[in-house]
Amino acid sequence: MDSTDGVADLHMHTVASDGTCSVAERSQQARERGLDAIAITDHDSVSTEIEDRRTVDNGLERIAGVEVRADVQDTKVELLGYFVAPDDERLADVLEEVREYRRGRNRKIIERLHETTSLDRSYEVVRGEADGILGRPHIANVLIEEGIVDSIGAAFDEHLANDGTAFVPMERVPAADVIDAIQGAGGVVSLAHPGRIRAENIDGIVDELVEAGLDAIEVQYPYDAAPTTGYADVSVEDAAALAEEHGLIQTGGSDCHGPDSGKFRIGEVRVSDAQLDELREHADRRRSL
Ligand code: AMP
Ligand code: FE
Ligand code: ZN
């Protein structure tokens with residue numbers, strides 16, 4: 001599909017996590033780029049700017065989403081939830097559990113950076129300066145501000161990526177629990193960017209997730225925008241084949257993080273009207289059960 005075909009971008013971040021702009025700014029950008037619908041998928045949190053599972057704002061459909069880190073077969077995966085009820089208590093509890101793991105990990109990353117670089121800002125200060133869920137991109141910006149590195153890419157390459165000096169793995173909630181919580185909140189669950197998973201056995205991972213109730217898989221994704229070392233070799237076509245094989249709905253999106261993030265690409269990856277309809281209908285069916 002050409003990047004200007006399609007009507008909806010179903011993967012993006014805001015200041016609720018490691019994106020650089022608000023939901024309102026996202027809506028404006030979406031309109032400028034001619035989109036009919038967007039999903040807001042912040043890490044481990046549903047933005048407090050979102051009031052309902054689906055809102056229509058001046059003709060633009062806004063889907064309440066989330067991107068949650070989870071574990072399957074000792075591997076980190078991310079699960080996207082769509083059309084979730086933002087006030088669902090069980091989902092809120094699971095997200096809080098994931099964020100607790102995140103806080104522990106961030107504190108350790110900062111401690112390691114104190115040992116391996118000239119950084120002297122405390123975890124509390126770094127935490128206090130960030131708007132949303134603290135992630136490695138925020139820490140990368142701190143390293144730039146301190147003159148320790150000169151770009152986000154260098155911050156990851158030298159310190160924050162899996163083989164960086166300050167990398168700390170994050171504990172993870174079992175994927176089955178995340179799937180249950182998203183579905184309990186009326187949401188549809190999609191496996192995010194299968195070509196960004198560090199595992200050999202993607203088929204086995206997808207099998208287990210399908211067994212746990214996975215509804216969809218992210219097929220359209222900008223894999224070309226960043227290097228792919230260490231990741232499973234899953235292309236857009238391979239992901240479409242996995243969808244076909246397992247009867248999964250196909251989702252897709254740009255994973256835009258906003259202006260000045262190095263990933264300002266809202267609308268550059270889109271899904272069709274038919275894909276959006278299928279997702280919406282699946283969510284409606286789940287709610288009517
Ligand atoms: P975290 O949630 O703290 O583990 O950070 C994950 C986020 O870091 C991802 O969503 C990406 O936006 C970003 N990220 C991961 N690896 C890199 C990299 N090599 N270069 C730039 N950004 C990255
Ligand atoms: Fe992701
Ligand atoms: Zn994302």
Side-chain angles (χ1 to χ4, degrees), residues 9-20 26 38-47 65-71 75-82 95 98-110 112-113 123 126-127 130 132-144 149-173 178 189-198 217-218 220-223 225-232 234 239 251-258 260-266 268-269:
D9 182 341
L10 300 178
H11 189 155
M12 68 190 68
H13 298 266
T14 73
V15 287
S17 62
D18 53 10
T20 60
R26 285 297 191 203
I38 55 172
I40 304 293
T41 54
D42 278 303
H43 291 291
D44 309 332
S45 67
V46 181
S47 165
V66 64
E67 180 176 29
V68 191
R69 192 159 300 216
D71 188 90
T75 299
K76 175 191 124 178
V77 295
E78 290 185 299
L79 296 168
L80 293 157
Y82 292 114
L95 296 179
V98 178
R99 293 198 296 262
E100 185 58 38
Y101 289 151
R102 188 176 268 285
R103 286 191 279 272
R105 186 244 200 152
N106 284 333
R107 190 178 281 280
K108 286 189 199 148
I109 291 178
I110 301 287
R112 291 231 177 137
L113 287 169
Y123 166 74
V126 173
R127 168 61 276 174
I133 302 302
L134 188 70
R136 283 179 290 164
H138 294 109
I139 300 174
N141 275 317
V142 170
L143 295 178
I144 296 171
V149 294
D150 58 11
S151 69
I152 291 182
F156 273 89
D157 287 349
E158 292 170 33
H159 303 293
L160 302 172
N162 281 50
D163 54 359
T165 62
F167 180 76
V168 177
M170 194 165 130
E171 280 186 71
R172 298 181 288 263
V173 174
V178 173
V189 187
S190 184
L191 174 61
H193 39 62
R196 285 278 183 278
I197 296 175
R198 290 176 190 276
I217 185 165
E218 190 169 54
Q220 290 92 354
Y221 190 81
Y223 291 118
T228 58
T229 19
Y231 294 122
V234 182
T251 68
S254 66
D255 208 351
C256 180
H257 281 63
D260 303 320
S261 69
K263 297 181 184 178
F264 186 31
R265 51 195 187 210
I266 181 172
E268 289 175 20
V269 175

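For reference, positions follow the sequence shown, starting with 1. Whatever order the structure lists ligands and atoms in, that order sets their numbers, starting from 1.
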Using a strict 4.0 Å cut-off to heavy atoms of [X], name the atoms of ligand 1 that fall inside it.
X	value
His257	10 (O), 12 (O)
Arg105	1 (P), 3 (O), 4 (O)
Gly135	3 (O)
Arg102	1 (P), 2 (O), 3 (O)

Say whether, by atom type as modelled, one donor and one acceptor occur between the side chain of [X] and the main chain of [Y] under 3.5 angstrom.
X	Y	value
Ser190	Glu218	yes
Tyr82	Leu10	yes
Asp9	Ile266	no
Asp42	Thr14	yes
Asp71	Glu171	no
Arg26	His13	yes

Of all the heavy-atom pairs spanning Arg102 and Asp44, show the shortest one and how long it is. NE-OD2, 2.8 Å
Exercise: identify the closest heavy-atom pair between Tyr223 and Gly195: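 Tyr223 and Gly195 have their closest heavy atoms at OH-N, 2.9 Å.
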Going by salt bridge (Lys or Arg N to Asp or Glu O under 4.0 Å), name the pairs with one or both residues in residues 156-169, residues two or more places apart or in two chains.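 Listed by first then second residue: nothing to list.
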Should Arg136 be counted as touching ligand 1, given the test is an N or O pair under 3.5 Å?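 Looking only at distances, the answer is yes, because the N/O contact criterion of under 3.5 Å is met.
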Short N/O distance, under 3.5 Å, between Asn106 and ligand 1?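 There is no such contact.
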Restricting to N/O/S, name the atom of Glu67 that gets closest to the Fe ion (ligand 2).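 In Glu67, the N, O or S atom with the shortest distance to the Fe ion (ligand 2) is OE2.
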Restricting to N, O or S atoms of Glu78, which is nearest to the Fe ion (ligand 2)? OE1
Please write down residue, atom name and distance for the protein heavy atom closest to atom 18 (C) of ligand 1.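 Ranking protein heavy atoms by distance from atom 18 (C) of ligand 1, first comes Phe156 CG, 3.4 Å.
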Please write down residue, atom name and distance for the protein heavy atom closest to atom 2 (O) of ligand 1. Arg69 NH2, 2.8 Å
N, O or S atom of His43 closer to the Fe ion (ligand 2) than 2.8 Å: no
Kindly indicate, with the supporting measurements, whether the criterion side-chain contact (heavy atoms from CB on, under 4.5 Å) is fulfilled by Leu79 and Leu191. CA-CA 5 Å; Leu79 296 168; Leu191 174 61; 4.2 Å; yes
Of Glu78, His13, His43, Lys263, the one whose closest heavy atom lies nearest atom 10 (O) of ligand 1 is His43
Strictly under 4.0 Å, does any heavy atom of Met170 approach an atom of ligand 1?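 No, that is not the case, since the closest heavy atom of the residue is not under 4.0 Å from the ligand.
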Taking only non-hydrogen atoms of Ala161, do any sit less than 4.0 angstrom from ligand 1?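 Contact check Ala161 vs ligand 1: negative.
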With Asn106 as reference, evaluate Val126, Val168, Leu134, Ile133 under the side chain to side chain contact (heavy atoms under 4.5 Å, CB included) test and give the passing residue. Leu134
Is atom CG of Asn162 surrounded by more than 12 heavy atoms (other residues, nucleotides or ligands) closer than 6.0 Å?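 Enclosed.
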Below 4.0 Å, non-hydrogen atoms only: which portion of His138 touches ligand 1? Side chain, backbone, both or neither. neither
Kindly indicate, with the supporting measurements, whether the criterion side-chain hydrogen bond (donor to acceptor under 3.5 Å, both in side chains) is fulfilled by Asp18 and His138. CA-CA 7 Å; Asp18 53 10; His138 294 109; 6.0 Å; no
Is any protein N, O or S atom closer than 2.8 Å to the Zn ion (ligand 3), and if so, which?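 Atoms qualifying: His11 NE2, His13 NE2, Glu67 OE1, Asp255 OD1.
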